[in-house]
Amino acid sequence: MPARPSSPAPAPAPTPVSVLGLGMMGSALASAFLRAGHPVTVWNRSPAKTGPLVAQGALPAATPADAVAASPLVVLCLLTNDNVDEVLDGLDGGAVAGKTLVNLTNGTPEQARALSARATALGARYVDGGIMAVPQMIASPAAYVLYSGDEEAYETHRSTLAVLGGTRWTGTDPGLAALYDLGLLTGMYGMFTGVVQALALVRTENIGAEEYAELLVPWMTAMLGGVPEIARAVDSGSHLTDVSSLAVSQAAFPNFLSTFRAQGVSTELFEPFQALLDRAVEEGYAGDGASRMVELLIKR
Ligand code: NDP
């Protein structure tokens, strides 16, 4: 039977949303809710940042309490979770009762669990989130947000939250979105660690960084293709490899460190990797692939 074209998802009913925190990211979130037709109330510690959002149709709130009172759905996007705690400190006990707090501030799993417990004790429903986008990507198909915590609250507001980008549920443990988020950012920072080291190395011979990036990007992209195989080995616990063993990497790695030194480039980012390779071989894993290092890194 031919597949029937699916009808477009119905537009979500307008839901009042309050956005607390109008930095680069919070402003992008508030703007996306406005463009999707939701009534938006905004609060920011420095009131001047409400101006552009008010010009787009948002209502300014003078205090966090006024912002929380204005909407059933309250999105927080402050610099740190300490700031979120401070905002909660300043609210009357009952101010958040019955509200859904969606905290998209970057933080740790422990902070998310503590905030969830605090919000729940105040009678609110708590959803934590991790934004996988820069502000310019918000509301584009490339953006998505990881969520965890109160699943019923998440489902109630999912269609409204979906205007920010894709929605990805990670589980009822409120700390999971932060864990997924930090894991993805760990991959990103690891990648950038290699990028800055490689560019520093070639710059010592006056090779243009842009010119070199033309080689670096396809190389790194090709290497990323090996990640599913590493992941399969991690899940299966079978680390023997016929691709590239830890012994081969350990033998080659001193060439990197000595070349960095000879070229006048710091080794501070890469010495720990040499130490881990040395430990892997010492502990008897010379024939294993990179997946073995995952186990060696886990301390508990
Ligand atoms: P900004 O520095 O642009 O904005 C920080 C916001 O936090 C401002 O609204 C600021 O208020 C507020 N703030 C800081 N300290 C306090 C405080 N003590 N009390 C109340 N409010 C405070 O950061 P972003 O908007 O870029 O980032 C916000 C969050 O989003 C961060 O957790 C970040 O990690 C996360 N994020 C950001 C991404 C990005 O690409 N920008 C990507 C993914 C996540 P004020 O204006 O008064 O200083």
Side-chain angles (χ1 to χ4, degrees), residues 17-34 40-56 58-68 70-71 73-92 95-96 101-116 118-119 126-149 161-168 170 174-192:
V17 190
S18 292
V19 179
L20 281 75
L22 300 176
M24 285 178 279
M25 185 53 88
S27 292
L29 304 178
S31 184
F33 287 128
L34 281 167
V40 176
T41 300
V42 289
W43 172 84
N44 194 60
R45 179 181 61 171
S46 319
K49 285 190 188 157
T50 58
L53 277 306
V54 170
Q56 292 172 54
L59 288 171
T63 65
D66 289 348
V68 169
S71 312
L73 175 60
V74 177
V75 174
L76 297 123
C77 190
L78 304 175
L79 192 57
T80 68
N81 277 332
D82 286 345
N83 305 150
V84 174
D85 262 322
E86 283 167 32
V87 164
L88 291 179
D89 288 343
L91 296 174
D92 283 342
V96 297
L101 305 184
V102 176
N103 181 20
L104 302 184
T105 304
N106 180 273
T108 69
E110 289 78 7
Q111 289 170 350
R113 290 178 191 125
L115 279 165
S116 174
R118 185 174 182 190
Y126 184 86
V127 177
D128 205 81
I131 303 170
M132 303 317 300
V134 295
Q136 293 73 13
M137 288 163 63
I138 292 299
S140 81
Y144 73 93
V145 183
L146 302 155
Y147 296 99
S148 60
L161 295 168
V163 309
L164 306 177
T167 55
R168 182 120 192 188
T170 58
L176 279 175
L179 191 81
Y180 272 77
D181 178 70
L182 293 175
L184 291 169
L185 295 177
T186 298
M188 180 191 80
Y189 280 117
M191 187 176 71
F192 286 145

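Hydrogens, waters and symmetry mates are skipped; everything else that's a heavy atom, side chains included, is used. In each ligand, atom 1 is the first atom listed, and ligand 1 is the first ligand listed. Bear in mind the structure is a predicted one, so any value in this text is a computation, not a measurement.
Given atom 28 (C) of ligand 1, the protein heavy atom at minimum distance is Leu78 O, 3.5 Å. For atom 3 (O) of ligand 1, the closest heavy atom belonging to the protein is Met24 N, 2.9 Å. Regarding atom 34 (O) of ligand 1, its nearest protein heavy-atom neighbour is Asn106 CB, 3.2 Å. Distance from atom 25 (O) of ligand 1 to its nearest protein heavy atom, with residue and atom name: Met25 N, 2.8 Å. Of the protein's heavy atoms, Pro135 CD, 3.2 Å lies nearest to atom 40 (O) of ligand 1. Remark: minimum distance from atom 19 (N) of ligand 1 to any protein heavy atom is reached at Arg45 CD, 3.8 Å. Nearest non-hydrogen protein atom to atom 15 (N) of ligand 1 is Asn83 OD1, 3.3 Å. Residue, atom and distance of the protein heavy atom nearest to atom 23 (O) of ligand 1 are Leu79 CD1, 4.1 Å.
Between the Ser148 side chain and the Ala177 main chain, a donor and an acceptor come within less than 3.5 Å of each other. With Thr50 contributing its side chain and Trp43 its backbone, the two residues share no donor-acceptor pair below 3.5 Å. When atom types are taken as modelled, the side chain of Asn44 and the backbone of Leu22 share a donor-acceptor pair closer than 3.5 angstrom. Side chain of Ser71 to main chain of Val74: no donor-acceptor pair is present (N/O by atom type, distance under 3.5 Å, no hydrogens or angles).
Listed by atom number, the atoms of ligand 1 under 4.0 Å from Asn44 heavy atoms are 8 (C), 9 (O), 11 (O), 45 (P), 46 (O), 47 (O). Contact atoms of ligand 1 toward Thr105: 32 (O) (distance under 4.0 Å to a heavy atom of the residue). Contact atoms of ligand 1 toward Val134: 40 (O) (distance under 4.0 Å to a heavy atom of the residue). Atom numbering of ligand 1 starts at 1 in the shown order; those under 4.0 Å from a heavy atom of Leu22 are 9 (O). Taking every non-hydrogen atom of Gly21 and a distance limit under 4.0 Å, the qualifying atoms of ligand 1 come out as 9 (O).
Scored by the ring pair (Phe, Tyr, Trp, His ring centres under 6.0 Å) test, Phe33 finds no partners at all (sequence neighbours excluded). Annotation: side-chain contact (heavy atoms from CB on, under 4.5 Å) contacts of Met137 (sequence neighbours excluded): Ala133, Val134, Ser140, Ala142, Ala143.
Looking only at atom types and distance, the side chain of Asn103 has a donor-acceptor partner in the side chain of Thr105 under 3.5 Å away.
Looking at Gly26, Ala28, Ser46 and measuring to atom 45 (P) of ligand 1, the nearest heavy atom belongs to Ser46. Distances from atom 8 (C) of ligand 1 to the heavy atoms of Pro47, Ala133, Cys77, Gly23 show the closest one on Gly23.
By the 4.5 Å heavy-atom criterion applied to side chains, Leu164 and Leu104 are counted as neighbours.
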*asked:* As a quick check of understanding, evaluate salt bridge (charged side-chain N to carboxylate O under 4.0 Å, His left out) for Asp89 and Arg118, giving each step before the final call.
replied: CA-CA 11 Å; Asp89 288 343; Arg118 185 174 182 190; 2.6 Å; yes

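Heavy atoms of Met132 found under 4.0 angstrom from ligand 1: none, in either backbone or side chain.
Closest approach of Leu161 and Thr167 over heavy atoms only: C-CG2, 4.4 Å.
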